[in-house]
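Treat the numbers as computed from the prediction; the structure is a model and nothing was measured.
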Amino acid sequence: MTDHHDMSFTERVRKLIATIPPGQVATYGQIATHAGNPRAARQVVRVLHSSTDKYHLPWHRVINSKGQIGLKPGQGYELQRAMLIDEGVTFDEAGRIDLKRYLWSP
DNA sequence: AACCTGACTTCGG
DNA sequence: TCCGAAGCCAGGT
């Protein structure tokens with residue numbers, strides 16, 4: 001049968017990330033869920049590492065389920081935060097993004 | 001074909 | 001609400 005998704009989990013993840021619009025964010029788990037496996041959130045991280053440059057993915061729009069940036073200070077945290085703020089996303093005092101407001105809904 | 005990795009998530013205290 | 005432990009998994013080695 002023609003499973004219209006004749007592509008790997010990784011490919012689906014790439015496509016999903018590519019569709020997150022500016023000013024919105026998606027969680028690793030959310031991407032994993034839509035890619036077919038709710039429990040493969042960690043795999044999304046791997047895809048980000050391996051495909052961001054090659055496919056020009058909007059990597060900065062992917063955050064964790066707590067609404068926070070996963071990267072550590074000095075490891076990309078500042079850049080991601082700046083890029084999101086530049087798109088209009090706001091952070092609270094604890095560095096959290098209001099998912100009710102900015103979470104992407106595919 | 002095991003073993004390792006990691007920008008995670010969930011759950012209990 | 002915060003923290004730690006445990007669970008999870010696709011792809012790379």
I'd like to know whether A:Val47 forms a side-chain contact (heavy atoms from CB on, under 4.5 Å) with A:Tyr55, so could you lay out the CA-CA distance, the side-chain angles of the two residues, the decisive distance to 0.1 Å, and finally the verdict.
CA-CA 10 Å; A:Val47 176; A:Tyr55 298 88; over 6 Å; no
In this structure, CE of A:Met83 is separated from CZ of A:Arg81 (nearest 0.5 Å) by 14.5 Å
Legend entry - Contact check, side chains of A:Ile17 and A:Val62, non-hydrogen atoms, under 4.5 Å: yes
Residues in residues 67-102 of chain A with a heavy atom under 4.0 Å of DNA chain B, by number, are A:Gly70, A:Leu71
Going 5' to 3' through nucleotides 3-8 of chain C and flagging B where a protein heavy-atom sits under 4.0 Å of the base, S where only the sugar-phosphate is that close, and - otherwise, we get ----BB
Enumerate all atom pairs, one protein N or O and one N or O from nucleotides 9-13 of chain B, separated by less than 3.5 Å.
residue: B:dT9; atom: OP1; partner: A:Gly29; partner atom: N; Å: 2.9
residue: B:dT9; atom: OP2; partner: A:Ser65; partner atom: N; Å: 2.7
residue: B:dT9; atom: OP2; partner: A:Ser65; partner atom: OG; Å: 3.4

Review point. Are A:Lys66 and A:Leu99 side-chain neighbours, meaning at least one heavy-atom pair lies under 4.5 Å?
Key: no
dist A:Ile69:CD1 -> A:Asn64:CG (nearest 0.5 Å) comes out at 9.5 Å
Output for pair (A:Leu79 CG, A:Leu71 CG), nearest 0.5 Å, gives 9.0 Å
In whole angstroms, the gap separating P of B:dA7 from CD1 of A:Ile17 amounts to 13 Å
In this structure, NZ of A:Lys54 is separated from CZ of A:Arg14 (nearest 0.5 Å) by 6.5 Å
In short, side chain to side chain donor-acceptor pair (under 3.5 Å) pairs touching residues 15-44 of chain A with sequence neighbours left out are none
Rounding to 0.5 Å, atoms CH2 (A:Trp59) and CD1 (A:Ile20) come to a distance of 12.5 Å
In numerical order, the residues of residues 43-51 of chain A whose heavy atoms come under 4.0 Å of DNA chain C are A:Gln43, A:Arg46
Show the atom names and distances, to 0.1 Å, of all donor-acceptor pairs under 3.5 Å that link a side chain in residues 85-94 of chain A to residues at least two apart or in another chain.
residue: A:Glu87; atom: OE1; partner: A:Gly23; partner atom: N; Å: 2.9
residue: A:Glu87; atom: OE1; partner: A:Arg61; partner atom: NE; Å: 3.1
residue: A:Glu87; atom: OE2; partner: A:His60; partner atom: NE2; Å: 2.9
residue: A:Glu87; atom: OE2; partner: A:Arg61; partner atom: NE; Å: 3.2
residue: A:Glu87; atom: OE2; partner: A:Arg61; partner atom: NH2; Å: 2.7
residue: A:Thr90; atom: OG1; partner: A:Tyr102; partner atom: OH; Å: 3.1
residue: A:Asp92; atom: OD1; partner: A:Ala94; partner atom: N; Å: 2.8
residue: A:Asp92; atom: OD1; partner: A:Gly95; partner atom: N; Å: 2.9
residue: A:Asp92; atom: OD1; partner: A:Arg96; partner atom: N; Å: 2.8
residue: A:Asp92; atom: OD2; partner: A:Arg96; partner atom: NE; Å: 3.3

Quiz prompt | Same cluster (ILVMFWY, side-chain, under 4.5 Å), A:Met7 and A:Leu16 | solution = no
Heavy-atom closest pair (A:Pro58 atom, A:Ala18 atom, distance to 0.1 Å) is CD-CA, 3.9 Å
Carefully, step by step, assess A:Thr10 and A:Arg46 under the rule side-chain contact (heavy atoms from CB on, under 4.5 Å). CA-CA 9 Å; A:Thr10 294; A:Arg46 183 178 292 292; over 6 Å; no
Separation of B:dA7 atom C1' from A:Ile20 atom CD1, nearest Å, is 13 Å
